J.: 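Take a look at the following structure, please.
Predicted model, so just to flag it, every value in this text is computed and none were measured. The basis for the numbers below is simple: all heavy atoms, side chains too, and nothing from hydrogens, waters or symmetry mates. In what follows, every chain begins at residue 1, and chains take the letters A, B, ... in the order their sequences are listed.
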Amino acid sequence: RSYSILIHGLIKAGCARETYELFYAMKEQGCVLDTLAYNTVIDGFCKSGKVNKAYQLLEEMKGKGHPPTVVTYGSVIDGLAKIDRLDEAYMLFEEAKSKGIELNVVIYSSLIDGFGKVGRIDEAYLIMEEMMQKDLTPNVYTWNCLLDALVKAEEINEALVCFQSMKDLKCPPNTITYSILINGLCRARKFSKAFVFWQEMQKQGLSPNVVTYTTMISGLAKVGNISEASGLFERFKASGGIPD
RNA sequence: GCAACAGCCGUCC
């Protein structure tokens, strides 16, 4: 247990190399590694591009009296999805389902994000439908993933329809939601509509952050609207922002 | 206790 805490601490401190060394050293000495230790190392592997190693550890857990949990599956599914290995991510998702693991909104959101980012919008929608059929409520992360997928596919109108659904289903948008939509509107050159959302978010009590500003500023600058872009930039600095 | 979301820039090709 205290080893798990140490492993967790090392990863958080950014000492990935040391963490794995400790992890393997402990294994060799016959230490019993608990689920948290496995999950921490597996997530570390996923985030450092070593998804195959992560997958190997997930397999190892099955034989060690610490079966992979929903978090273990979540890390590896997300790791695979982030490097576009969606079919494998989906297979793991099916495997977890077949083992009776209660899949949650995090797993569904990861998959929606992954399929969406590679333009497999139909599949992203199907996963969204499946989760709702299972009475899981999409949260703001889930909706943001779907909206971003539509924006990247240049389907801003569809994104706006989903934005309405999200509000109808009582999921409050956040600053990230608005940043995604503003990005989509800028990509579609609908700047005046982007400004409408810019205002709307503030009416909802949400402040644009550095990403929201950058989205709007670079959107304007890309089409040569330098004066509006620099005006916003000045406003950003005046509001106490630190530019990236 | 551990897993999921947005912009620009940089590195590589």
Side-chain angles (χ1 to χ4, degrees), chain A residues 1-12 19 23 33-47 49 51 54 57-58 61 66 68-82 89 92-93 96 101-117 124 127-128 131 136 138-152 159 162-163 166 171 173-187 194 197-198 201 206 208-222 229 232-233 236 241-244:
Chain A
R1 166 89 212 184
S2 54
Y3 291 121
S4 306
I5 293 169
L6 183 57
I7 282 184
H8 193 220
L10 277 172
I11 276 281
K12 267 200 175 156
T19 310
F23 179 78
L33 295 159
D34 66 8
T35 306
L36 177 59
Y38 271 101
N39 285 352
T40 304
V41 172
I42 285 173
D43 191 52
F45 276 137
C46 288
K47 290 194 165 43
V51 183
L57 284 179
L58 181 147
M61 288 175 84
H66 290 294
T69 64
V70 65
V71 174
T72 323
Y73 279 102
S75 289
V76 181
I77 287 171
D78 188 59
L80 288 166
K82 281 202 163 49
L92 257 192
F93 165 80
I101 292 173
E102 287 289 334
L103 298 180
N104 59 21
V105 61
V106 174
I107 304 244
Y108 279 94
S109 301
S110 275
L111 277 179
I112 290 169
D113 191 48
F115 279 107
K117 284 211 160 58
I127 292 163
M128 184 87 163
M131 85 178 273
L136 288 169
N139 65 16
V140 66
Y141 280 75
T142 323
W143 286 110
N144 287 350
C145 292
L146 187 65
L147 293 176
D148 191 54
L150 293 167
V151 161
K152 300 243 155 78
C162 285
F163 178 60
M166 156 182 200
C171 178
N174 61 15
T175 297
I176 295 183
T177 316
Y178 279 100
S179 301
I180 292 167
L181 293 174
I182 288 170
N183 183 224
L185 290 164
C186 287
R187 288 167 72 120
F197 280 84
W198 180 271
M201 73 183 286
L206 297 168
N209 63 16
V210 60
V211 175
T212 326
Y213 268 98
T214 314
T215 303
M216 196 75 233
I217 291 170
S218 69
L220 289 165
K222 259 181 206 150
L232 257 189
F233 184 56
F236 174 57
I242 299 163
D244 268 9

J.: Which part of the nucleic acid, if any, lies within reach of A/Val151 when heavy atoms closer than 4.0 Å are counted: base, sugar-phosphate only, or nothing?
T.: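 A/Val151: no heavy atom of the nucleic acid under 4.0 Å.
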J.: Reckon A/Lys47 has a side-chain N or O less than 4.0 Å from the OP1 or OP2 of B/rA4?
T.: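 It does, given that an N or O in the side chain of A/Lys47 lies less than 4.0 Å from OP1 or OP2 of B/rA4.
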J.: In this structure, how many angstroms lie between the P atom of B/rA4 and the CD1 atom of A/Ile180, rounded?
T.: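 Distance check: A/Ile180 CD1 to B/rA4 P gives 16 Å.
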J.: Categorize A/Asp78 for me: base, sugar-phosphate, or nothing, with a 4.0 angstrom heavy-atom threshold over every strand shown.
T.: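 Sugar-phosphate, no base atom in range.
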J.: Between B/rG7, B/rA3, B/rC5, which one does the side chain of A/Ile176 approach most closely?
T.: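 Within the option list, the nearest is B/rC5.
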J.: Would you say the base of B/rG7 and the side-chain of A/Thr215 have a donor-acceptor pair closer than 3.5 Å?
T.: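 Answer no: no donor N or O sits under 3.5 Å from an acceptor.
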J.: I need the CZ-P distance between A/Arg187 and B/rA6, as an integer number of Å.
T.: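 Spelled out: CZ on A/Arg187 to P on B/rA6 is 13 Å.
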J.: Counting side-chain heavy atoms from C-beta on, which of B/rA4, B/rC8, B/rC5 comes nearest to A/Lys117?
T.: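 Side chain of A/Lys117 sits closest to B/rC5.
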J.: Pick from A/Asp43, A/Asn39, A/Thr35: which one makes a side-chain hydrogen bond (donor to acceptor under 3.5 Å, both in side chains) with A/Thr72?
T.: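 Answer after filtering A/Asp43, A/Asn39, A/Thr35: A/Asn39.
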J.: Starting from P on B/rA6, measure out to CE on A/Met216 and report it in whole angstrom.
T.: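 Distance, rounded to whole Å: 19 Å.
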J.: Per the atom types in the model, does the base of B/rA3 pair as donor or acceptor with the side chain of A/Ser75 at under 3.5 Å?
T.: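 Such a pair does not exist between side chain and base.
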J.: Can you measure A/Ile77 atom CD1 to B/rA4 atom P for me and round it to whole angstrom units?
T.: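 Checked: the CD1 to P distance equals 13 Å.
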J.: Go through A/Val105 and A/Tyr141 one step at a time and tell me if the side-chain contact (heavy atoms from CB on, under 4.5 Å) criterion holds.
T.: CA-CA 9 Å; A/Val105 61; A/Tyr141 280 75; over 6 Å; no
J.: Write down the distance between CZ (A/Phe115) and C1' (B/rA4), rounded to a whole number of angstrom.
T.: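 Those two atoms, CZ and C1', are 15 Å apart.
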J.: Select one nucleotide: of B/rA3, B/rG7, B/rC2, the one nearest the side-chain heavy atoms of A/Asn39.
T.: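 Minimum distance to the A/Asn39 side chain belongs to B/rC2.
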J.: To the nearest Å, how far apart are A/Met128 CE and B/rA4 P?
T.: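 A/Met128 atom CE is separated from B/rA4 atom P by 19 Å.
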J.: So, does A/Asn104 use its side chain to make a donor-acceptor pair with the main chain of A/Ile107 at under 3.5 Å?
T.: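 Yes, the answer is positive, given that a donor and an acceptor are paired below the 3.5 Å cut-off.
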J.: Below 4.0 angstrom, which residues in residues 141-149 of chain A have at least one non-hydrogen atom near RNA chain B?
T.: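 Hits under 4.0 Å, by residue number: A/Tyr141, A/Asn144, A/Cys145, A/Asp148.
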J.: So, for A/Pro173 and A/Leu206, which heavy atoms are closest and what is the spacing to 0.1 Å?
T.: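 Answer, listing the atom of A/Pro173 first, then A/Leu206: O-CD1, 3.6 Å.
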J.: Taking it one step at a time, do A/Thr142 and A/Met166 satisfy side-chain contact (heavy atoms from CB on, under 4.5 Å)?
T.: CA-CA 10 Å; A/Thr142 323; A/Met166 156 182 200; over 6 Å; no
J.: Using ring centroids (six-membered ring only for Trp), state whether A/Phe197 and A/Phe163 fall under 6.0 Å.
T.: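 For A/Phe163 and A/Phe197, the ring centres are under 6.0 Å apart.
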J.: Any side-chain N or O of A/Lys152 below 4.0 angstrom from OP1/OP2 of B/rG7?
T.: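 Answer is yes, contact under 4.0 Å.
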J.: Find out whether A/Leu58 and A/Tyr73 are in side-chain contact, i.e. whether some heavy atom of one side chain is under 4.5 Å from a heavy atom of the other.
T.: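 Answer yes - side chains close enough.
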J.: Using 30° and 60° as the class boundaries, would you call the ring planes of A/Phe236 and A/Tyr213 parallel, tilted or perpendicular?
T.: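 It falls in the tilted class, 30° to 60°.
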J.: Between B/rG7, B/rA4, B/rA3, which one does the side chain of A/Ser110 approach most closely?
T.: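 For A/Ser110, the side-chain atoms sit closest to B/rA4.
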J.: Between A/Lys222 (NZ) and B/rC9 (P), how many Å, whole number?
T.: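 Computing the A/Lys222:NZ to B/rC9:P distance gives 7 Å.
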J.: Roughly how many Å is it from CE in A/Met131 to C1' in B/rC5, rounded to a whole number?
T.: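 After rounding, the reported distance stands at 13 Å.
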